Amino acid sequence: MSRATQISNIIEKRKPQAENSSLALEKLDSLFSIVKELEVCRDRTCQRIEDIFIREKLKELHFEKIYEKIRDVEYIIQRLYKRFSRKTLTIAFVGRAGQGKSRFIQSLTGLTKAEVPDGGIENCTGVKCTISHVPETETYGEVYFHNRDSFLEQNILPYYEFLGLENKPNSLQDFIDSPLPEMKTSGSEVEAYYGHLQKCHQNYTNYQEFLQEVSPRRIARGDIRQFVAQTDENNQRNLFSYLTVKEVNVFCTFPQDDVGQIQLIDLPGLGDTVLGDKERIRQSLGQDVDFALFIYMPQGRILQEGDYKLYDIANDALTELPIAKWSFMILNQVVSSQAEGIATNLSLCNTTKKRIEDEQRIKVRACLIADCANKEVAGGVLDEVLKELDENLRNLDNEYASVGNIEIKNLQADLNQFINKAKQAFSVAPTLDETRNFRRLFESFTRDITKELRTLLRQIEPMNLDVLENDKDADFFRATLNQLLVKCNENTGIPTKEDVLNREMDIGTGAFPAIFASYLDEIRTHIRSHFSSVDNGLKEYVDSVKQKVAECFTEKTELGNLTPLRGTEFLKFMAEEIPASEQSLKGAFSRLYSFEMSYRTNFQYRILKALEDLHPNRSAKLLSTRNDKTDLQIAESICNILQALHQSAICNIEEALEKFQGEPSLAVYAAVDEFVDEIVRSRKARDRWYDFLRERSSQIWSDEFGQKVKEERKEWIQLIDKAINANRFDFI
Ligand SMILES: Nc1nc2c(ncn2[C@@H]2O[C@H](COP(=O)(O)OP(=O)(O)OP(=O)(O)O)[C@@H](O)[C@H]2O)c(=O)[nH]1
Ligand SMILES: [Mg+2]
């Protein structure tokens, strides 16, 4: 596979996750606006309503906290969306100044000092520079400039803050017109930062014109250096334009024609004069990057504190994914050098590699020694990176996405709590005067629900509690079973004799016994797969009974006024709505709601015996491969035996299962009977219902209780139902 195909395959695999993230963002958006509607309604109601208890409860709802949580999750999902919808694979180069990051990029891209400035002695790369491969293009750049405000905010004021300088300028003009305050402390870091301010102050006329520029400005190849580098080609620090630049994109054609959709990010080296660099490195790594290459050129005393510090800064970039899982350390091997201060270093590279691997303070996927100035070697490193991404990017993406999932789940749980609280705001218990009326309604509720559930039980009662004698609803089971058997007979998975011969050709002469054994396994699995894929009949059967139970509540009593949800969803609603303190009621609804039947769990073990003869250890002996038989004859006899075994297995399955046609109605009856016991027949259940209904009396019998706040409550409950629905969504 070419590199380009490999890369585009990796990118393509991310699409479903990009779509999921975008959907989740839409859902969060609508959740936000529904909560907003709820808040508006709350504020209006608080002004109108007289009941101080309701007012108090409404005021206790902290909307701000919910907005904040939604925004936090939105931020995470947006980052995920950005990552999954990237059209390129992005590799960032990280390291302290002068380690060879830019030189490495030159080797990979075929670009020169003019477009990817490198330089000795002084720190060189001044701004983040993203280099993209575009086939057959003249190299050009796009520069994003600061305006006067962002320049002051990001390039000047943080230095005043850090250095503790007085008379902070109010505007850029103010900064230029006033003398720079005296430096208060000393030290190399302080001096470097003060030096930066001096540079900006003294050279204003050299760069001011760029602060008026419209971004992005397209520039030609030859102009790139002056916007990216701090030094000119002779290592002189007389470039100033880079001060005004936020970032630069360079578009060029990489010399290898198969690199495809790839992007390289050259970052300024750390340990520089620029204060915001740490933050910028973190941001770039956290938001724009799929893989990081740490570049380190061992010279003199290796692995100083600053090198570890840089690693820690990078590791902070994406708290969700430790950088150890998505980075390499490249030890830049200098093979020959005329440059001042740069010496050959193979033995130092080996020592460094060993120390990194032994110490485990810098953890990376791999530590490679490579000559960054050599095109072939650099290409080899790129291949290693692509191999790594090919094998691991999906895992990383999934790991990252699962962080989003957890955040969404937490938000949903918090919102559910909030909604529950909001829901209670209008539930006013009956007043003393109303209590007698409530009792009457309560009595009639218990009478009605007991009667309805009993009637239902009679309807669904099996003919006989012995499964072998029970014919209740057997027709439906018989029909589903027949459908299944027809499927098994139509799609047997039995090979033709040509298939058998082909397989023998593939595996080798004399392999018939092994081939026969593997077909036995395959056919058995094939039959099983028919059984596990068809579960609908049973699910629908169980659901129809659950639906009838729900109807007893929603159609025959007033309980349906609690929610617009109906059928099995009503049972789920009740399981959630009943407070944990009423465990016996809550558990009964929850058990009935989650009661399920399927062929897989309820019947599959009953066909085990019928499949017994399709096991090689029982039937392998049926095949004779005597010498006087031709290959064709053996292949034919394999097909015939398989056919016979298959047929007999299907007959056995039919026989085994038809005995159990009474099972579904028995199982469902047992579940409902238990439910009725727990819900109405137990002595305690009555008291539980009393408390539950009393607290919700104004919702259930809205014509009788809480009349004064009827309209307000109606609107409120409608909005809450909207919020409940908006809060139910999956991410992945
Ligand atoms: N001989 C030799 N010189 C190298 C090699 N790698 C880098 N250099 C030189 O080392 C100096 C610094 O390299 P750069 O690529 O500018 O380093 P950088 O990491 O980009 O530094 P900053 O931009 O300041 O962060 C330059 O003069 C390079 O030409 C190498 O493998 N061999
Ligand atoms: Mg550089």
Side-chain angles (χ1 to χ4, degrees), residues 23-49 51-78 403-429 561-565 569-583 585-586 589-590 593 691-692 694-700 702 706 709 711-731:
L23 263 172
L25 283 174
E26 276 173 35
K27 299 276 185 190
L28 286 171
D29 213 33
S30 69
L31 197 57
F32 194 93
S33 34
I34 289 168
V35 178
K36 196 89 214 163
E37 267 184 74
L38 203 59
E39 189 186 14
V40 172
C41 176
R42 191 272 304 264
D43 293 345
R44 208 174 41 231
T45 312
C46 277
Q47 284 174 0
R48 272 206 316 238
I49 215 158
D51 189 315
I52 54 163
F53 291 109
I54 298 180
R55 247 191 354 233
E56 277 309 307
K57 281 195 250 178
L58 286 174
K59 279 189 184 151
E60 274 168 22
L61 296 171
H62 298 297
F63 284 88
E64 248 339 294
K65 279 193 189 149
I66 293 294
Y67 296 140
E68 202 179 303
K69 280 181 185 148
I70 298 179
R71 276 192 292 258
D72 286 351
V73 178
E74 224 161 22
Y75 175 70
I76 292 173
I77 308 292
Q78 249 153 11
V403 175
N405 272 337
I406 292 170
E407 291 300 324
I408 287 184
K409 288 248 146 58
N410 289 343
L411 170 71
Q412 285 175 330
D414 287 348
L415 249 161
N416 273 338
Q417 261 189 8
F418 178 83
I419 290 171
N420 270 336
K421 204 169 160 194
K423 225 166 159 188
Q424 299 306 323
F426 275 89
S427 38
V428 274
N561 291 335
L562 277 178
T563 167
L565 298 169
E569 285 302 300
F570 174 78
L571 300 179
K572 184 175 178 215
F573 163 81
M574 287 298 282
E576 285 165 5
E577 174 77 6
I578 299 171
S581 52
E582 321 287 355
Q583 194 46 47
L585 287 190
K586 192 179 180 73
F589 276 98
S590 148
Y593 169 72
D691 295 343
F692 179 78
R694 190 170 172 278
E695 274 184 25
R696 288 159 186 76
S697 58
S698 52
Q699 266 169 276
I700 302 171
S702 52
V709 292
E711 281 311 308
E712 286 85 351
R713 185 183 52 226
K714 197 168 151 204
E715 191 185 356
W716 185 247
I717 295 295
Q718 274 171 359
L719 282 174
I720 283 185
D721 284 335
K722 255 170 94 176
I724 292 175
N725 279 328
N727 192 30
R728 288 197 186 126
F729 64 94
D730 290 330
F731 176 33

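Here the structure is a predicted model, which means the values were calculated and not measured.
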How about Leu31 and Leu415: do any of their side-chain heavy atoms sit closer than 4.5 Å? yes

Once rounded to the nearest 0.5 Å, what's the spacing between atom CZ of Phe729 and atom CD1 of Ile408? 4.5 Å

Is it the case that the ring center of Phe589 lies less than 6.0 angstrom away from the ring center of Phe573? no

Quick one: sort the Phe32 and Tyr67 rings into parallel, tilted or perpendicular, breaks at 30° and 60°. tilted

Has the side chain of Arg48 got a donor or acceptor atom that lies under 3.5 Å from a matching backbone atom of Arg44? no

Out of curiosity, Ile578 CD1 to Arg696 CZ, how far, rounded to the nearest 0.5 Å? 8.0 Å

How long is the straight-line distance from CD of Glu407 back to CG of Leu28, given to the nearest 0.5 Å? 11.0 Å

Option passing salt bridge (Lys or Arg N to Asp or Glu O under 4.0 Å) with Asp414 (candidates Lys409, Lys65, Lys69): Lys69

Could you go through Glu64 and Arg71, starting from their C-alpha distance and side-chain angles, then the distance that decides it, and tell me whether this counts as salt bridge (Lys or Arg N to Asp or Glu O under 4.0 Å)? CA-CA 11 Å; Glu64 248 339 294; Arg71 276 192 292 258; 3.7 Å; yes

Between Trp716 (side chain only) and Thr45 (backbone N and O only), is there a donor and an acceptor less than 3.5 Å apart? no

Kindly compute the distance separating CG (Leu565) from CG (Asp721), expressed to the nearest 0.5 Å. 7.0 Å

Has the side chain of Gln412 got a donor or acceptor atom that lies under 3.5 Å from a matching backbone atom of Asn727? yes

Between the CZ atom in Phe426 and the CD atom in Gln699, the distance rounded to the nearest 0.5 Å is 10.0 Å

Please assess Phe570 against Leu562 for the test side chain to side chain contact (heavy atoms under 4.5 Å, CB included), listing each intermediate value before the final yes or no. CA-CA 10 Å; Phe570 174 78; Leu562 277 178; 5.5 Å; no

Look at atom NZ of Lys57 and say whether more than 12 heavy atoms of other residues, nucleotides or ligands are closer to it than 6.0 Å. yes

Any side-chain to backbone donor/acceptor pair from Ser33 onto Ser30? Under 3.5 Å, distance only. yes

Does Lys586 pair with Glu577 as a salt bridge, N-O distance under 4.0 Å? no

Under 3.5 Å donor-acceptor, Arg55 side chain and Ile49 backbone: yes

Just verifying a value: how many Å separate Asp29 CG and Lys27 NZ, rounded to the nearest 0.5 Å? 12.0 Å

Are Tyr593 and Met574 close enough that some pair of their side-chain heavy atoms sits under 4.5 Å apart? no

Expected output: side-chain Arg42 to main-chain Leu58 donor-acceptor under 3.5 Å: yes

One pair to check against side chain to side chain contact (heavy atoms under 4.5 Å, CB included): Glu74 and Leu25. What are the steps and the verdict? CA-CA 6 Å; Glu74 224 161 22; Leu25 283 174; 3.9 Å; yes

With the threshold set at 4.0 Å, does a side-chain nitrogen-carboxylate oxygen contact exist between Glu39 and Lys36? yes

